[in-house]
Trainee: 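Let me begin by handing over the structure; questions about it come next.
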Amino acid sequence: MTETVSTPKHRELSDGLYWTQECLPLGTLTELGQFDLEEWVEADEDVHGCQNAYLLSDERNLLFDTLTQPNGDDVVELIDDLLEGESLDYLVISHPEANHAGNTFTILDAYPDATLLVPGEAAGYGSGHGAEHELYHIASDTPADVDQVPNEIRYVEPGETIDLGTHTVEFEAPLFPDHSFTLWMSERTTNTLFTVDWMGFLHQSSNCVTLASDLDRDVAVEQVFRFHALAFPWMRFADLDAIERAVDDVRDRLDPDVIAPAHGMVMTDGLDTYLDRFLEAVEALSREGEPSNMESKLEYILRPPEVDR
Amino acid sequence: MTTKLTDDVHWISSCHPDDEYHMHMSEYLIRGENGTVLVDSGSSHYRDEIIAEINQLTDGNGPDVILLTHSTLPHTENVPAFESEWGEIKTIAATGRFPEIVGLPDAEARQLNAPVEFAGRPFTCMHPLLTDVTVSQWVYDHESGVLFTAEAFGHYHDPGNCDLTTAEMDGGPSADHVDAFYLDKIPFVDYLDRERLGNAFETLFDTLDVTYVAPIHGNPIPGERLDRYVDDVIEALEPPTTA
Ligand SMILES: [Zn+2]
Ligand SMILES: [Zn+2]
C-alpha cells in the first residue's frame with residue numbers, strides 16, 4: 001500500500017467559515033493488527049487520521065493552521081479559490097509543530113501582506129525559554145534570515161481578539177496542550193471553539209470532512225481513545241479528577257456550540273455526548289498507565305537483543 | 001563543545017542562554033561497529049558549531065545514521081544541511097508513519113519496542129514515558145547502556161556547568177533548574193498523577209540497566225544518581241500553588 005497524504009478537501013461550515021482537511025490513510029483492519037477496531041470499522045475499510053485547517057473569509061480573512069508540507073501548493077491554491085481573489089490578512093499558528101505549521105512560509109510567501117500570529121506565551125506555568133527560537137523556525141523552508149521576511153510577525157496571547165467584520169476571533173488559553181507554545185481560538189458569531197489537538201478522533205475512509213452528526217456511524221470511544229493515545233501519551237498517567245474538572249470548565253465557561261478540532265470531525269450537535277466519550281477514552285487510557293500494565297509493557301519493550309534472535 | 005561520556009558515546013552540546021541560565025541543545029555521537037550514529041540533529045541556530053564538532057569526531061566524514069528523538073522543528077532543520085555537507089545520511093524520524101508531514105520526506109519511519117541495528121549496533125526505540133509532542137521517542141543503546149531522552153530529564157543549568165555530568169556538578173542540578181524546565185516544557189502538569197508516573201520511572205530503571213540518561217536539554221545523569229533525580233522530577237511536576 002502506498003501511503004500518501006490526501007490532497008485537501010473542504011466544506012463550508014457556515015457563511016464564510018471553511019473547514020479544510022487532509023487525510024492520512026493508516027491502513028485496514030488486517031494491517032492494524034494491534035488495534036481492536038471491530039466496533040467501528042469493517043475489515044476491508046481504511047482508517048484515516050487527519051489534519052484540519054480553518055479559513056474565515058470576511059471583511060478581513062484569517063487562516064488557522066496550515067496543513068502539511070506535501071500539500072503546500074494545494075493549500076495555497078485552495079485558499080486562493082475560497083477567497084475568490086481577495087488576500088489573506090492573518091495566518092494563525094496554533095503551535096509550532098510541522099503538521100500544524102509546516103506551510104507557514106509557503107503561505108506567507110503567497111500572501112506578503114498577511115500578518116503571522118504565533119503564541120507568545122507558554123501554555124503552562126513557565127515563561128517559555130527560547131520562545132523566539134522555537135516560533136520562528138517552524139518550517140523547513142524557514143528563510144535563513146527570518147527577519148527579512150516582508151510579513152509582519154506578531155506574538156498573541158489569550159484574551160486578544162481580532163475583528164474580521166461579521167466574525168470576531170479570540171485567542172484562548174488551551175486546556176489540553178501538548179507543546180508549551182499553544183493557543184486555542186474561539187469565534188464569537190458562530191460560538192465555535194477551535195481545540196487544536198484535543199477532541200480529535202480517527203475516522204473511516206467513507207467519512208472524510210463530514211460533520212460528526214452526519215457520519216454514517218456513531219463515533220465510538222475506541223476512535224477517540226486511539227487518537228488521544230497518540231496525541232497525548234501522558235494521559236496514561238492522568239489524574240482523572242483533574243481532567244474532568246477541565247472538561248467541566250469547557251462545558252460551563254467556554255460553553256461552545258461548535259467544537260472544531262485539528263485532527264477529527266467538526267462537532268455541531270450534542271457536544272456533551274462527545275465530551276463524555278472523551279472522558280471514557282481517557283479513563284481507558286489511564287488504565288494503561290497502571291503499575292501492573294506498565295511493568296509488563298516495559299519488560300516487553302526493553303527485552304535485550306538476544307531474545308529477539 | 002564535545003565531552004566523552006563513555007568509550008564510544010560523545011556528547012555534543014550547545015547552550016541556549018537566557019537572562020539567568022542556560023538550556024542545553026545536545027546531540028550524541030555513537031561509534032558503532034560499522035560507522036557512527038548521531039542522536040538528534042540539534043538546532044539550526046548552532047548548525048556551524050555542530051558541523052565542526054562532528055567533523056572533528058568523524059574525520060570529516062559525517063555520521064552514517066541520524067536517529068531523531070523528536071521530529072519537530074527546529075530540531076529537524078539540520079538534517080537537509082547535514083546531507084548537503086556530507087551526502088545522503090540514513091535518517092530515522094521519531095514517527096511511525098508519514099515522515100513527510102513532519103518535514104522529513106527522505107527519512108525512514110521508526111520501529112519501536114525491539115532492538116534494531118544501526119551502524120552494527122543494537123538500539124531500542126520506545127515511546128517516551130513523559131514528553132511534550134507525540135512525534136518523539138527515547139532510544140536505548142544496548143552496548144553502552146545510555147538512554148537518550150527528550151523532553152523528560154531536561155533541566156536548565158548555570159553558566160560554568162555546561163559540560164559536566166550531574167555527578168560532577170556541585171550538589172547536582174538545582175531543584176529550581178529542574179522545576180523551571182518542567183514548568184516551561186510540560187504544560188499539562190496539572191493533569192498528571194505523579195505517583196503513577198513515578199512508579200513507571202521506577203519500573204523503567206528496575207528493568208533497564210542504565211549507565212547514563214542522556215537528555216537533549218540537560219546534563220547527562222549517571223545511573224547511580226537516577227533515584228534522586230527522579231524524585232526531583234516528580235517534585236517538579238507538583239503544580240505551583242499560586243498560578
Ligand atoms: Zn479521511
Ligand atoms: Zn551552558
Side-chain angles (χ1 to χ4, degrees), chain A residues 3-5 24 26 49 51 68-70 96-99 101-102 122-130 133-134 136-140 142 144 174 176-180 182 230-240 242-243 246 286 289-291 294-295 298-305 308, chain B residues 16 18 21 23 43-45 71-74 76-77 79-80 97-98 100-105 112-115 117 122 124 126-135 140 142 156 180-194 196-197 199-200 203-204 206-208 239-240 243:
Chain A
E3 293 182 333
T4 45
V5 182
L24 312 169
L26 301 179
Q51 257 98 229
T68 64
Q69 275 176 314
E97 261 194 272
N99 61 343
Y125 291 101
S127 55
H129 190 104
H133 176 71
E134 294 267 328
Y136 283 172
H137 292 266
I138 44 188
S140 57
T142 302
F176 294 101
D178 58 350
H179 195 286
S180 67
T182 304
L230 289 172
F232 296 107
W234 57 265
M235 284 183 182
R236 289 179 177 84
F237 306 110
D239 171 347
L240 294 175
I243 298 267
S286 82
E290 279 170 12
M294 285 314 296
E295 205 170 309
L298 286 169
E299 274 168 9
Y300 169 78
I301 292 172
L302 302 169
R303 63 200 186 282
D308 215 47
Chain B
H16 206 62
D18 201 350
Y21 42 66
M23 178 172 77
S43 152
S44 57
H45 229 70
S71 295
T72 52
L73 300 155
T76 54
E77 270 184 306
V79 173
R97 288 161 181 275
F98 302 105
E100 68 273 25
I101 71 167
V102 294
L104 294 165
L112 291 182
N113 304 345
E117 276 195 15
T124 294
M126 60 181 283
H127 279 297
L129 291 184
L130 181 65
T131 190
D132 55 353
V133 298
T134 180
V135 285
Y140 182 66
H142 289 268
Y156 299 131
F181 180 83
Y182 280 87
L183 294 184
D184 273 348
K185 300 293 171 192
I186 307 292
F188 42 83
V189 284
D190 285 335
Y191 307 121
L192 290 172
D193 181 330
R194 287 171 292 283
R196 290 205 300 166
L197 184 62
N199 283 336
T203 308
L204 173 72
D206 284 348
T207 315
L208 202 62

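The structure displayed is predicted, hence computed values, not measured ones. Proteins come first, then strands; the chains are lettered A, B, ... in the order of their sequence lines, and each starts at number 1.
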Trainee: At a 4.5 Å cut-off on heavy atoms, which part of B:Asn199 comes close to chain A: side chain, backbone, both, or neither?
Mentor: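 When you check distances to chain A, only side chain atoms of B:Asn199 fall under 4.5 Å.
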Trainee: Does any backbone or side-chain atom of B:Leu129 lie under 4.5 Å from a heavy atom of chain A? Answer side chain, backbone, both or neither.
Mentor: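 Both backbone and side chain.
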Trainee: For A:Glu290, is it the side chain, the backbone, both, or neither that has a heavy atom closer than 4.5 Å to a heavy atom of chain B?
Mentor: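 For A:Glu290, the contact with chain B is made by backbone and side chain together.
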Trainee: Do the non-hydrogen side-chain atoms of A:Thr68 and A:Gln51 ever get within less than 4.5 Å of each other?
Mentor: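 Of all side-chain heavy-atom pairs linking A:Gln51 with A:Thr68, at least one is under 4.5 Å.
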Trainee: Between A:Ser286 and chain B, which part of the residue has a heavy atom less than 4.5 Å away: side chain, backbone, both or neither?
Mentor: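 For A:Ser286, backbone and side chain are both near chain B.
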Trainee: Is the ring pair B:Tyr191/A:Phe176 parallel, tilted or perpendicular, if the boundaries are 30 and 60 degrees?
Mentor: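 Parallel, since the angle between the ring planes stays under 30°.
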Trainee: Contact between B:His127 and A:Arg236 at the side-chain level, heavy atoms closer than 4.5 Å - yes or no?
Mentor: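 No; the side chains remain at least 4.5 Å from each other.
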Trainee: Is the closest side-chain heavy-atom distance between B:Leu183 and B:Phe181 below 4.5 Å?
Mentor: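 No - every pair of side-chain heavy atoms lies 4.5 Å or more apart.
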Trainee: Chain B: which of A:Pro174, A:Pro233, A:Gly49, A:Ala231 shares the most heavy-atom pairs with it under 4.5 Å?
Mentor: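 Top count of heavy-atom pairs under 4.5 Å with chain B: A:Ala231.
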Trainee: Using non-hydrogen atoms only, which part of B:Ala200 is less than 4.5 Å away from chain A: side chain, backbone, both, or neither?
Mentor: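 For B:Ala200, backbone and side chain are both near chain A.
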Trainee: Under a 4.5 Å cut-off applied to non-hydrogen side-chain atoms, are A:Val5 and B:Glu100 in contact?
Mentor: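 Side chain of A:Val5 against side chain of B:Glu100, heavy atoms only: contact under 4.5 Å found.
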